[in-house]
Amino acid sequence: MSDLLEKYVRPEKNPGTACKGCGLRLAHRKVLEAIDELGLAQGDVVWGTGIGCSGRQTFVTWKGDTFAGTHGRVYAMATGLRLALPPEKRLILTVGDGDAFTIGFLHLLNAARRNVDMTVVVFDNLGYQSTGGQYGVTTPLGSKTDSSPYGAWEPNWTQGGFDVLRILKESGATFLARHTVLQGHEPVESLKKAIQNRGFSVVQLIYPCVTHYGVQALGTRDLAKIYDWFRERTADDLSADANTHFTTGITHDASGSRVEFAAGLRQFVASVQKGVGNGETD
Amino acid sequence: MAKRIEILISGYGGQGVVRIGQILGQAAVNQGLYTSMLISHGTETRGGYVRSQVVISDEFIDSPVVERPDFFCAFSGIAYTMFKGLCGSQSLILHNPDIVSPDPGLASPHWGIKAEAVATEELGDAVFANVIFLGALSSRLALLTSEHIVEAIRERLPQRFHEKNLQAFALGRARK
Amino acid sequence: MKRTFDTGNAAITEAAIRAGCNLFAGYPITPATEIAENMSRRLPQVGGYYLQAEDENAALHICNGGSIGGLKAMTATSGPGFILFADAFGWAVSSEVPVVIVNSQRVGPVSGITGAPGQGEFYLSRYLTHGGNFETIVLAPSSVQEAYRLTVRAFYLAERFRTPVIVLADQMVTDGWETLELPETDAEFLAMGLEVVPRRIHPGPEFYPATDDIDVPPVVLGHNTGAACSDWTPTDRGHDTEDITWQHKHAWRLIHKILNHRDLIDEADQWYLDDDPEVILVAYGTPSRVVQNAVNAARRDGLSVGGIRPISLWPFQDHLFKRRAIYLVVELNWDGQLVREVQRAAADGSQVHFWGRCGELPTSAELLEDITTLLKHEPLARDGWRTEKW
């Protein structure tokens, strides 16, 4: 494992700055494993990040080219960047649940609509943890957080019949999966498929925040107890009750079924150039 | 000192107010002159008008504002009421007497042209009224030649409309 | 030269294409929509990309993303969209990303009046994002021809300074039609004093040097240089840091790379200042055209009057106002924005008066009347912030 970090992670960012026991390290490692198993080198990947624990802890860890967007807008930036990058470059974004599913959701949906070739890995820590623990749209109902002292009651996008990944499917995403970091190699397999998809992929990767969610919602600092809670809540299939479990698996695989945005735009531009000639004013 | 001509054209949307300005401006450019045109739209609540302020000069135009129009083409009663105050004895006001009744208190000379009626009668469509006005106006515009305006009509209008618009222009230009 | 009769919108489009723009992302808004429409027609013809974004915030982020991939990007908007740039503008400033932003100012605040000119974003263009610690380059065209020149110039400065450059136009410049001369050859382009800087690629590893140097190649991703750019305060390598020393170095660079190379930015028209006129009129954008007309007319009447038109608005050119004089600042707003900077910069003993209006240009006759009053040292009927009573 340390070989993997040496291969891909900047030495000055290893170890990272995540809290002791934070599940983010596992999540980060899953992405590196997927990259490694796909045989990708440092120069094959451009890595972007969002805001929050996920973004801050993974920014500029990648030895190759990296960038961090403003909060929720990294999908729009990646759309512009994708037009400039050679198609073979893999564009991977590691972002948080708040970045992707709330403040950045408009841009995420539009990236899905366009089917822009990027892999968005949502490191989901069940709420806003870098600001000290407030509930978000993936926080289980009833969870006590610093902004839901009587329990989270606002409807979320993972329970009560909602699934944020279903919205993304309807919006045109071509690969969607959800896992928790405690599922061994399964998330890596999904990440590999996501990265290989020449289109818009999202992998929601749920991980335990021990410092805030653990203490506030689960009432314990004991890492073993927190991880046990996550393990018990993880269902290995998609048919389990989402009100009580993290249902996992590939929710949608339509890889290659839609024209990728940058490829489509290039083709469109070429057809215009062919039709009207180069640089003619009228 | 520069020769500077100020032309104000105003009426409803769809009457070709901007188009007339475009043709005049294009003709001026083709003739090697300087020209500017400001376009403004009044909101519906303010009575709804489109206004083109066209300035043509033989040197760089500083202010593009028409303050003392040499010509005012008033295509609607609202436009006439709104902008007649800018007109003095030097301003020739072109209007359709079927639409705009001249204010007897105004020092400006008025030139009534029943352009809509002529257009309907001669060309089968009132839409050509604006180019009839353009023709009439051009006969008084010493700075621009008729040839350059005709060339500009060809440049600024789609080809399928050339014939009728050139007829309209000739009809307007022939008016006394 | 190709001599045409066209709008400022068309001039801006042709200038962008000539400057090598190959990405435009925007959102329709009056009166800047026509720029987007023109770009949607022209960009594919030259192999460039046109995108309609989900909002202006996304539009500038798409431009930023394209720019860090090596594209030359532009967006265009008006007030209600301009405020949505705040997020992406700050990112571009801090990450030192070349990008061009056009704002056709209309009447505000908020949606205001869509099709009438205003000048309400003089200060907003200077501080289009939060946090301070930076300087901004803002250019203000006053004619269709100048909209062409300054748009090319904006791309040029953006590349050399690694920063977003704002073209602060107004509705009458963008929607207005004028004689427009377009260069047809490189020689004609150069003869106009214009230049294009191709995109360079920073080789790393010190992407953010703590110097005031310009012509530092921008950070471009995709070349495996270990490039790093972000919203965080960067170290010289682009790593995120919370070290206040790095922050100071970064801010110092953002400020002084611009302030220490003002010879490349500063531009103004000055009319009849050689004989130290008693009254000096000041305006930018379309109102400056009427000011020029009024000043010319006053001079013909033998009055002691001059005029100043700042062409680059920010950094503000304090040096233009070192004459002791009676300044009359003419703006398309009722609150007075440019006038505040003139008040600050004017030589001791000067008087600074404000002439404001919104949605319509002043007339030369009105300005001439005020010039005469000021020369008689009498109070103006409509002065300062007490212009009209309701």
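Within every chain, numbering begins at 1; the chains are lettered A, B, ... in the order of the sequence lines, protein sequences first and strands thereafter.
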Visitor: Less than 4.5 Å to any heavy atom of chain C: does that hold for the side chain of A:Leu106, its backbone, both, or neither?
Guide: both
Visitor: What part of C:Ala25 lies closer than 4.5 angstrom to a heavy atom of chain A: side chain, backbone, both or neither?
Guide: neither
Visitor: Is A:Lys63 close to chain C through its backbone or its side chain, or both, or neither, when contacts mean heavy atoms under 4.5 Å?
Guide: backbone
Visitor: Do any N or O atoms from the side chain of C:Asp231 and from the backbone of A:Thr70 form a donor-acceptor pair under 3.5 angstrom?
Guide: no
Visitor: Over all heavy atoms of both residues, which pair between C:Pro44 and A:Val272 is shortest? Give the atoms and the distance, please.
Guide: CB-CG1, 3.7 Å
Visitor: Please identify, among C:Asp55, C:Leu60, C:Val220, the residue contributing the most non-hydrogen atom pairs under 4.5 Å to chain A.
Guide: C:Asp55
Visitor: Heavy-atom count around A:Lys169 NZ within 6.0 Å, excluding the residue itself: above 12?
Guide: no
Visitor: Could you state the interatomic distance from CD1 (A:Ile103) to CG (C:Asp87), rounded to the nearest 0.5 Å?
Guide: 7.5 Å
Visitor: Taking side chain as C-beta onward, heavy atoms only, is C:Asn22 less than 4.5 Å from A:Leu83?
Guide: no
Visitor: Say you draw a straight line from CZ of A:Phe59 to OG of C:Ser230; how long is it, rounded to the nearest 0.5 Å?
Guide: 3.5 Å
Visitor: Using the side-chain contact (heavy atoms from CB on, under 4.5 Å) rule, pick out the option among A:Leu91, A:Leu81, A:Thr66 that qualifies with C:Leu221.
Guide: A:Leu81
Visitor: Restricting to non-hydrogen atoms, name the atom on A:Val60 and the atom on C:Asp240 that form the minimum distance, rounded to 0.1 Å.
Guide: CG1-OD1, 3.6 Å
Visitor: Which heavy atom of A:Ala84 sits nearest to which heavy atom of C:Gly66, and what is that distance?
Guide: CB-O, 4.0 Å
Visitor: Check the surroundings of atom CD in C:Glu242: do more than 12 heavy atoms from other residues, nucleotides or ligands lie under 6.0 Å from it?
Guide: no
Visitor: If you compare all heavy atoms of A:Arg56 against all heavy atoms of C:Trp232, which two are closest, and at what distance to 0.1 Å?
Guide: NH1-CZ3, 2.9 Å
Visitor: Mark yes when over 12 heavy atoms from residues, nucleotides or ligands other than A:Tyr207 sit less than 6.0 Å from its OH; otherwise mark no.
Guide: yes
Visitor: Show your working on side chain to side chain contact (heavy atoms under 4.5 Å, CB included) between A:Gln273 and C:Gln45 and close with a plain yes or no.
Guide: CA-CA 5 Å; A:Gln273 283 188 298; C:Gln45 294 175 354; 5.7 Å; no
Visitor: For the candidates A:Ala68, A:Gly48, A:Ala41, which exhibits the highest count of non-hydrogen atom pairs separated by less than 4.5 Å from chain C?
Guide: A:Ala68
Visitor: Quick check: closest heavy atoms across A:Arg114 and C:Ala53, and the distance to 0.1 Å?
Guide: NH2-CA, 3.8 Å
Visitor: Check whether any side-chain N or O of A:Asp65 sits under 3.5 Å from a backbone N or O of C:Thr225 as a donor-acceptor pair, and report yes or no.
Guide: yes
Visitor: Within a reach of under 6.0 Å around CD of A:Gln267, are more than 12 heavy atoms found that belong to other residues, nucleotides or ligands?
Guide: no
Visitor: Non-hydrogen atoms of chain A under 4.5 Å away: do they reach the side chain of C:Ile68, the backbone, both or neither?
Guide: both
Visitor: Roughly how far, to the nearest 0.5 Å, is CD of C:Gln52 from CG of A:Asn110?
Guide: 11.5 Å
Visitor: Mind running side chain to side chain contact (heavy atoms under 4.5 Å, CB included) on A:Phe261 and C:Leu51 for me, showing each step along the way?
Guide: CA-CA 11 Å; A:Phe261 182 69; C:Leu51 269 82; 3.9 Å; yes
Visitor: Could you tell me if the side chain of C:Trp91 sits less than 4.5 Å from the side chain of A:Met77, heavy atoms only?
Guide: yes
Visitor: Is a donor on one side and an acceptor on the other found under 3.5 Å between the side chain of A:Arg266 and the backbone of C:Gly47?
Guide: no
Visitor: Return the minimal non-hydrogen interatomic distance between C:His61 and A:Ala76, and the atom names on each side.
Guide: CB-CB, 3.8 Å
